[in-house]
Number of protein chains: 2
Amino acid sequence: MQLKELSDATGTSPASIKYYLREGLLPPGESVHATRASYSDRHVKRLNLIRALRQIVQLPIEQIRSILVLADDGVPHLTLLAHVQRVVLKLGTEGGEVARTSAADAVVRLRNWPDVDSDARDALNRHISLMEGLGIGLPPDLLDQYSSAVDSIAGFDLAATTEGKDTDSVILTAAVGMHMHSELMLKLLALAQASHAIRRLDDRQMPP
Amino acid sequence: MQLKELSDATGTSPASIKYYLREGLLPPGESVHATRASYSDRHVKRLNLIRALRQIVQLPIEQIRSILVLADDGVPHLTLLAHVQRVVLKLGTEGGEVARTSAADAVVRLRNWPDVDSDARDALNRHISLMEGLGIGLPPDLLDQYSSAVDSIAGFDLAATTEGKDTDSVILTAAVGMHMHSELMLKLLALAQASHAIRRLDDRQMPP
DNA sequence: TCTACTGGATAGTGGCTCTATCTTAGAGCT
DNA sequence: AGCTCTAAGATAGAGCCACTATCCAGTAGA
């Protein structure tokens with residue numbers, strides 16, 4: 001398979017493919033000779049992964065590269081998934097100490113999750129502090145409800161993520177899955193808010 | 001108050017303020033004479049709103065403008081909130097017909113939300129279809145759990161959003177709140193996934 | 001009057017993701 | 001063998017976005 005075919009197979013312009021090659025996201029094809037290189041199914045898979053991370057999850061090239069480098073280093077999936085999380089959650093950009101809210105810790109105990117330090121946990125703690133700082137109140141049982149919901153999805157999701165797939169698929173499922181669930185939540189919340197708003201505001205404007 | 005003071009009061013560079021003025025996000029100050037204009041508290045509020053929408057919610061200038069135009073037109077808050085949702089949910093970019101999944105409709109009935117067509121509902125339907133198309137499975141009761149959680153938050157949130165505030169504050173609370181809840185969800189999900197992953201993958205790698 | 005600073009207009013910057021062009025060289029057909 | 005077509009590789013440029021720096025002119029305060 002040569003570049004043009006790779007392009008056709010993935011719907012990516014040859015120019016973009018060349019760009020990804022230059023950036024080291026896509027390994028070079030096997031060079032047949034000076035003016036012909038051949039690409040394999042692995043390239044198709046990899047390219048699809050890159051495109052999904054760019055277009056759906058909207059990760060910048062640099063971060064996609066950081067994920068792929070790990071994947072190609074053959075690190076354990078657990079390590080890889082942790083890194084994918086770090087990237088999708090946009091951690092590492094915001095430095096600083098971990099907040100002293102222990103809301104996340106409470107959730108961990110409640111859900112009986114393994115009590116391990118993790119970036120996700122720090123991120124959650126930091127985020128809750130941030131919301132408090134912004135004066136966005138969290139009803140007391142909200143975290144319970146949320147965490148119950150995500151707890152049930154996580155097992156389900158992870159099964160799909162890890163069941164004997166190749167590394168590229170694991171990344172894709174994990175990153176795209178996280179993104180999609182978060183968007184799902186956003187849209188559900190919007191619908192809920194719209195519904196409540198209609199009830200509350202419409203009544204005011206046109207009383208019975 | 002002149003430009004420099006406005007800058008100090010909001011931590012925004014004078015150059016950026018000028019830019020927002022040019023873009024019509026910020027109404028011009030009252031022109032005292034050719035080389036002096038005076039800005040009011042309204043400008044401080046507006047500027048803080050703009051900054052929050054840029055830096056926290058990360059909306060592009062163009063969309064911020066579309067929100068502010070509506071706000072200044074004095075449309076009803078319900079209309080305004082609907083538009084804010086549309087922008088935060090990134091609707092309107094993806095054209096096309098509404099999917100035929102009626103998952104969102106089921107949720108609406110279950111939650112006893114007013115059965116009104118809305119962009120949020122269309123967005124939810126479209127998103128669920130998209131996830132199905134990507135092969136991201138949703139456990140049967142997941143939407144119930146999610147929607148139960150967001151239902152309880154929406155009322156709570158909306159009370160904070162609408163209680164006798166000026167329009168700029170309503171926008172800020174709504175947009176920032178939506179964004180923050182969605183991020184919260186993302187981080188909770190990450191933590192849940194990390195926890196499940198540790199249980200599942202760690203055991204494999206180092207059996208007891 | 002002179003200086004310092006302001007407001008206003010215009011042009012430029014930097015980061016990012018591509019995209020277009022140019023050159024060289026082998027492939028396949030006749 | 002010769003001719004054309006297209007690929008690969010390298011380099012430079014485009015286009016978008018959110019600023020930011022520069023320039024000019026006018027006025028306030030010393």
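In the text below, chain A, chain B and the rest are named by the order of the sequence lines, each starting its count at 1.
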Checklist outcome for this item: side chain to side chain contact (heavy atoms under 4.5 Å, CB included) filter on A:Thr167, not counting sequence neighbours, yields A:Ala71, A:His77, A:Leu80, A:Ile171
Checklist entry - Quick one: side chain to side chain contact (heavy atoms under 4.5 Å, CB included) partners of B:Asp8, sequence neighbours excluded? => result B:Lys4
Next on the checklist: Once you apply a heavy-atom cut-off of 4.0 Å, does A:Pro60 come out as touching a base, just sugar-phosphate, or nothing?
Outcome noted: sugar-phosphate
Less than 3.5 Å apart, which donor and acceptor atoms pair up between the side chains of residues 11-19 of chain A and the rest of the protein, not counting sequence neighbours?
from, atom 1, to, atom 2, distance (Å)
A:Thr12, OG1, A:Thr10, OG1, 3.1
A:Ser13, OG, A:Ser16, N, 3.1
A:Ser13, OG, A:Ser16, OG, 3.0

Item to check | side-chain N/O B:Ser16 vs D:dT20 OP1/OP2, d < 4.0 Å | outcome: yes
Checklist entry - What pairs meet the side chain to side chain donor-acceptor pair (under 3.5 Å) rule with one or both residues in residues 26-40 of chain B, with sequence neighbours excluded? => result B:Ser40-B:His43
Checklist outcome for this item: B/S/- along nucleotides 4-14 of chain D (protein heavy atoms under 4.0 Å) is ---BBB-B---
Checklist entry - Could you state the CD1-C1' distance from B:Ile61 to D:dT20, rounded to the nearest angstrom? => result 14 Å
Item to check | Interface limits on DNA chain C, where chain A has a heavy atom under 4.0 Å of a nucleotide atom | outcome: C:dT17 to C:dA27
Checklist entry - Which residues pass the side chain to side chain contact (heavy atoms under 4.5 Å, CB included) test with A:Ala194, sequence neighbours left out? => result B:Gln85
Item to check | Pairing residues for A:His83 by the side chain to side chain contact (heavy atoms under 4.5 Å, CB included) criterion, not counting sequence neighbours | outcome: A:Ser66, A:Ile67, A:Leu70, A:Arg86, A:Val87
Checklist entry - Do we see a donor-acceptor contact under 3.5 Å between the side chains of B:Asp166 and B:Ser169? => result yes
Next on the checklist: Students often get this wrong, so: under 4.0 angstrom with heavy atoms, is A:Arg65 touching a base, only sugar-phosphate, or nothing?
Outcome noted: nothing
Checklist outcome for this item: Residue pairs meeting salt bridge (Lys or Arg N to Asp or Glu O under 4.0 Å), one or both in residues 54-70 of chain A, sequence neighbours left out, come to A:Glu23-A:Arg65, A:Glu62-A:Arg65
